[in-house]
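First comes the structure, then the notes that go with it.
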Protein chains: 2
Amino acid sequence: METTHRQDRLSTAERRRRELLEAAERVVLRDGPGASMNAIAAEAGITKPILYRHFGDKGGLYRALAVRHTDALVDSLRAALDAPSDRRERVEAALDTYLAAIEARPQVYRFLMHPAEDPAEDPAGDRGFDVGQHSAPLLRRLGEELATVIAERIELGPEGEERARVWGHGIVGMMHAAGDWWLRERPCPRERLVEHLTDLLWGGLVTAEDRADGPGL
Amino acid sequence: METTHRQDRLSTAERRRRELLEAAERVVLRDGPGASMNAIAAEAGITKPILYRHFGDKGGLYRALAVRHTDALVDSLRAALDAPSDRRERVEAALDTYLAAIEARPQVYRFLMHPAEDPAEDPAGDRGFDVGQHSAPLLRRLGEELATVIAERIELGPEGEERARVWGHGIVGMMHAAGDWWLRERPCPRERLVEHLTDLLWGGLVTAEDRADGPGL
DNA sequence: ATCCATCTGTTACTAGCGGTAACAGAAATA
DNA sequence: TATTTCTGTTACCGCTAGTAACAGATGGAT
């Protein structure tokens, strides 16, 4: 039967694809973002051309990996924003969700965001899993998602759409940059970072006083 | 005389270095961030080993290029924050300065921030000017600079230092992500982007009303 | 049974990359 | 004049992403 045949083909192909993705993930978690296609193929117990037949190129493999994690993260964030509490608590929950995610799996985060770590750590070659600025797709997607949530739920008057998108991308960028810095330096516990960021979003810059000395801001 | 000799040596070496940097900049502006060491050497009219004698490795050449631009940008931002006006106007000026800079020289900006563009645009090889996530150094530096300005000028109570650093990195991240998105999509004139971002920092999230429909935020 | 198409997998290669060793000539020093 | 030092080259290494070409297996159609 043709349909059965087709279905079997697709099924085995998909199972293969899953295996390859899992192997790739293992290698990326072990070797960092500089994992090479050769290494991934070896880990999967096959050779390069198969990898290329399944994913086209290195970027395709990356994207397949990234989509999984990004989907999971987006789901968590949506859940946090759907919690039954007031606005500030929801924002705190969303920030905390993101930060908890990158704290829990920093290797995954680094892979998604940072093509290659410190160049000094990878002297043999940074020509690894670069694939053209990964972070942009992930960050842009998060920004767009947040923008739609904002536009759906908050009344922003005329140009509200535009405003929502600016805010979405801006807030995501704030979260990302602060999280990146915090993950590197770990200057304080997570809840305090969340608090500081929420305060900033809640108009901290307006209410704070100038220092007595200094030129003021 | 020995001193003269030394001085001449240093002088010629430094002039050479400048020439090489300018050649590198030309190539980067022409070929995008994927410029190769070979191409840069060719543009400078010499061969690779000379490049490596001057800059050590690709990362060294990148850093030399990046420091120039970053210095200039930091100076502009400091100037904007020193203007004699109220706080909101200063923040607007700083945002506008940054956005005007990336608008005026987007290639430079992309080079500083994005190791390789869309992978599909660079099929021949993305193993170009990656050098381990450029953006981090630049963004981290901007974040730290802003943090010190905030800490110097605003009274933030206990843990003010920590708060200032979180805010510094957060605001820089917001500016960067929003600017990156805006530069790609150009959905509105610059001044309106500045206005939206300032509104966000000025507590826009607090004062906005829930929409009548929808679950609210 | 046989032919044909298709899928899976391999080996062996290309072109280009970052980076370096080894050498050749010029210039200043002794 | 002999020697060091600087500038520059050619020719290479090991690595990468990506591909062409081929070798069996599998399964339906005649």
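First the proteins, then the strands, lettered A, B, ... as listed; each starts at 1. The analysis underlying the following values was restricted to heavy atoms, covering all of them including side chains, and did not include hydrogens, waters or symmetry mates. Because the structure is a prediction, the values reported are computed rather than measured.
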Rounded distance (Å) that lies between atom C1' of D:dT16 and atom CG of A:Leu51: 14 Å
Rounded distance (Å) that lies between atom C1' of C:dC17 and atom CG of A:Asn38: 15 Å
Reported CG-to-CE distance for the pair B:Leu61 and B:Met37, which is rounded to 0.5 angstrom: 5.0 Å
Nucleotide nearest B:Arg16 (side chain, heavy atoms from C-beta), chosen from D:dG8, D:dT9, C:dT10: D:dG8
Shortest non-hydrogen separation from A:His176 to A:Leu139 and the atoms involved: ND1-CD1, 3.5 Å
Nearest heavy atoms of A:Pro187 and A:Trp182, plus distance in Å: CD-CD1, 3.5 Å
A:Glu19 CD to C:dG9 C1', straight-line distance once rounded to whole Å: 14 Å
Side-chain donor/acceptor contact of A:Lys48 with base of D:dG18 under 3.5 Å: yes
Side chain to side chain donor-acceptor pair (under 3.5 Å) between B:Glu144 and B:His169, worked out: CA-CA 7 Å; B:Glu144 288 295 323; B:His169 288 281; 2.8 Å; yes
Phosphate contact (C:dC17 OP1 or OP2) by B:Ser36 side-chain N/O below 4.0 Å: yes
Protein-nucleotide distance (A:Arg53, atom CZ; C:dT8, atom C1'), rounded to Å: 6 Å
For atom OH of A:Tyr52 and atom C1' of D:dA20, their distance in whole Å: 14 Å
Phosphate-side-chain proximity, B:Thr47 and D:dG8, N/O vs OP1/OP2 below 4.0 Å: no
Distance in angstrom units between A:Ile50 CD1 and C:dT11 P, rounded: 10 Å
Separation of atom CG in A:Asp57 from atom C1' in D:dT19, rounded to whole Å: 13 Å
Between D:dC15 (P) and B:Met37 (CE): distance, integer Å: 20 Å
